[in-house]
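I have placed the structure first, in the form of structure tokens, so that the comments after it can refer back to it.
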Amino acid sequence: MAKFIPVGIFDLVIFGGAGDLTLRKLMPALYHRDLDGQLPAGCRIISVGRRPVSHDEFLDLVGGSLRAKLPESEYSEEFWQSFSERLHYIKADALDPANWDDLSDVLERHEDRIRVFYLATAPKLFGAIATGLKQNNLINEEVRIVLEKPVGNDYASACEINDRVGECFAEDSIYRIDHYLGKETVQNLLALRFANSLFEPIWNRSNIDHVQITVAEDLGVGGRVEFYDQIGTLRDMVQNHMMQLLCLTAMEPPTNRDHDAVRNEKIKVLHALKPIGAGEVKRHTVRAQYQAGAIDGTVVDGYLDELGGKESNTETFVALKLHIDNWRWANVPFFLRSGKRLKQKYSEIVIQFKEVPFSIFPELCDTRNANRLSIRLQPDEGVKLGLMLKDPGPGSFSLRPVSLDLSFADASGVRYPDAYERLLIEVIRGNPALFMHRDEVEFAWRWIDGIIAGWEESAQPVEDYVAGTWGPTASSLLLDRDDRSWFPD
Ligand code: BG6
């Protein structure tokens with residue numbers, strides 16, 4: 001079992017400190033790390049927000065959301081009392097210069113502590129907050145600034161944010177979060193590839209037929225519909241989470257685990273992505289929107305109904321066929337799909353190896369269920385290796401596909417920490433390995449911008465799919481055309 005090593009004493013300042021991300025993700029993550037004894041006495045969590053709430057009201061808000069979110073076995077009233085002593089609330093509008101004094105007063109008493117500024121706000125505020133921190137002399141020797149995704153909504157806006165924040169903070173103190181990098185299975189992908197000699201020699205175009213990456217959600221856009229309508233799935237999920245999964249799957253072995261070594265390999269993958277422009281979008285991409293349907297027997301609205309009947313071309317589903325132009329991956333298609341209101345919450349990376357070159361078993365006509373490595377992110381994190389074996393028993397010699405199934409939770413017997421728990425601890429420790437360098441963000445945007453421009457130029461239609469399915473027919477056809485199919489289908 002991994003050991004919990006306490007971090008150094010810190011002040012964590014969260015902008016957007018009474019917002020949805022703070023209540024839903026950051027506070028539970030900090031509570032857990034504190035429960036495991038990782039936060040030293042005296043560390044402070046200072047929420048800065050525009051909500052006009054008193055200190056007690058703020059504690060009620062956080063306490064209420066922790067009680068609602070954590071299972072009974074993980075919440076105790078006694079521990080909450082001690083955790084709540086770390087919490088402070090400052091009502092302030094980061095854009096109003098008059099509002100910085102309270103924060104300065106609170107911080108100046110502890111000049112030499114690790115100081116983390118977590119920007120859980122809209123990205124358009126990142127530049128202004130960074131400037132405010134600098135102008136108010138709040139940047140000390142031990143500072144880190146955390147930028148929540150998305151960093152911008154295209155290449156130009158990402159560069160502008162990176163430039164503005166970069167004027168105030170050194171690149172190695174900027175932590176751009178993609179919470180998928182904190183997921184246990186994503187970490188395990190590195191272990192699987194580079195701590196075993198089994199896979200790396202066959203991890204290439206000679207042995208791999210294709211790769212699939214699915215990140216499916218059963219939830220719809222819900223309360224975020226107005227925001228989501230400006231964004232869509234390509235920007236919300238593909239530019240960041242799916243690009244990171246792709247990079248970790250496809251990158252060359254780094255020379256060590258240092259952040260620069262890993263990030264450099266990821267950047268090379270992004271460099272090698274073949275552009276998909278107006279001429280290619282039709283054959284290589286599918287975009288679609290969910291209609292009313294049923295998930296697990298519950299009837300759900302369509303996207304346009306949630307949008308109040310407005311017209312919209314925003315996609316809630318994307319499927320892509322892409323290529324990485326380098327020696328390892330030449331001509332190996334990578335199929336990516338992500339969507340809301342699909343059949344179930346399910347994320348998996350599937351490596352489909354090639355079939356045997358010659359079969360001595362006449363009945364071995366379809367081995368596609370075998371020769372497959374599945375790396376499951378959620379639910380039930382784990383790795384599954386599909387193989388063909390002989391059906392046991394005397395008599396005829398028949399084959400059947402079987403799976404070597406390794407569920408990580410069963411294998412390790414520990415609670416799976418939320419991605420934010422690991423990421424927050426890594427920020428405090430000052431280890432940027434699990435965060436994105438500005439180049440990663442910008443290269444990913446440049447490639448995504450090409451697809452968006454291609455959709456606009458070619459007026460590619462937005463398909464429909466019924467909520468509770470695996471997406472539109474066009475998504476299946478994307479693979480059918482290559483005589484392949486999605487898992488699951
Ligand atoms: C976020 C997206 O980054 O990731 C959301 O903005 C999405 O739209 C979420 O629902 C999915 O994260 P997870 O960890 O639940 O797969």
Side-chain angles (χ1 to χ4, degrees), residues 16 19-26 28-29 32 69 118-124 126 146-154 158 175-189 213-246 248 287-290 295 300 303 306-307 312 314-318 336-349 375-382 408-409 415-424 434-436 440-441 444-445 448 467 471:
D20 180 61
L21 182 84
T22 305
L23 297 177
R24 219 166 29 83
K25 290 289 186 183
L26 304 183
H32 268 298
K69 171 143 179 90
Y118 196 119
L119 276 48
T121 63
K124 60 177 189 241
F126 291 172
V146 184
L147 309 182
E148 212 3 274
K149 85 159 250 286
V151 178
N153 66 352
D154 57 14
Y175 291 68
R176 297 175 191 83
I177 286 229
D178 181 322
H179 77 276
Y180 269 53
L181 290 177
K183 286 189 190 272
E184 202 73 10
T185 318
V186 178
Q187 309 261 302
N188 241 315
L189 181 55
I213 304 179
T214 297
V215 177
E217 295 181 88
D218 52 355
L219 293 178
V221 289
R224 294 163 80 213
V225 68
E226 294 293 335
F227 159 80
Y228 197 88
D229 201 50
Q230 313 295 315
I231 306 283
T233 303
L234 191 66
R235 289 185 172 105
D236 184 46
M237 297 297 287
V238 182
Q239 186 272 343
N240 33 74
H241 307 324
M242 299 199 77
M243 284 291 111
Q244 288 295 325
L245 298 180
L246 174 75
L248 293 173
R287 58 172 177 161
Q289 229 174 47
Y290 58 83
I295 296 181
V300 295
Y303 177 73
E306 289 181 323
L307 200 57
S312 169
T314 301
E315 77 286 353
T316 59
F317 176 95
V318 178
L336 273 51
R337 66 176 166 169
S338 180
K340 303 247 180 232
R341 284 284 189 239
L342 297 181
K343 199 163 188 166
Q344 65 179 95
K345 185 165 177 72
Y346 162 92
S347 303
E348 193 163 55
I349 301 170
I375 302 152
R376 222 175 317 126
L377 272 67
Q378 50 200 20
D380 313 325
E381 296 91 336
F408 294 153
R415 178 186 75 86
Y416 257 49
D418 186 81
Y420 279 93
E421 293 181 41
R422 170 176 288 269
L423 294 174
L424 281 162
L434 297 181
F435 301 83
M436 294 177 290
E440 286 176 74
V441 174
W445 272 125
I448 292 290

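What's counted below: heavy atoms across the whole structure, side chains too, no hydrogens, waters or symmetry copies. Along the sequence shown, residues carry numbers from 1. In listed order, ligands and their atoms are each counted from 1.
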Heavy-atom nearest option to atom 5 (C) of ligand 1, drawn from Arg224, Lys149, His241, Arg235: Arg224
Polar proximity ligand 1 side, Tyr228 side, N/O cut 3.5 Å exclusive: no
Distance, nearest 0.5 Å, that separates CG of Asn153 from CD of Gln239: 10.0 Å
Numbering as shown, the atoms of ligand 1 that approach Lys340 to under 4.0 Å (heavy-atom distance): 5 (C), 7 (C), 8 (O), 10 (O)
Minimum non-hydrogen distance to atom 6 (O) of ligand 1, winning option of Leu377, Asp418, Asp178, Asp236: Asp236
Side-chain donor or acceptor of Ser338 paired with backbone N/O of Val215 under 3.5 Å: yes
Shortest protein heavy-atom distance from atom 15 (O) of ligand 1, along with the residue and atom involved: Lys345 NZ, 2.7 Å
Minimum side-chain heavy-atom gap Leu119-Glu148 below 4.5 Å: no
Sidechain N-carboxylate O distance under 4.0 Å for Lys149, Asp236: yes
Residue, atom name and distance, where the atom is the protein heavy atom closest to atom 16 (O) of ligand 1: Tyr180 OH, 2.5 Å
Expected output: side-chain Glu184 to main-chain Pro417 donor-acceptor under 3.5 Å: no
Atoms of ligand 1 close to Gln378 [distance to a heavy atom under 4.0 angstrom, numbered from 1]: 13 (P), 16 (O)
Atom indices of ligand 1, in the order listed, that fall short of 4.0 Å to a heavy atom of Lys183: 13 (P), 14 (O), 16 (O)
Spatial distance of atom OH (Tyr420) from atom CG (Leu26) [nearest 0.5 Å]: 6.5 Å
Side chain to side chain, Tyr180 and Leu248, heavy atoms closer than 4.5 Å: no
Nearest neighbour in protein (non-hydrogen) for atom 12 (O) of ligand 1: His179 NE2, 3.2 Å
Residue, atom name and distance, where the atom is the protein heavy atom closest to atom 10 (O) of ligand 1: Glu217 OE1, 2.5 Å
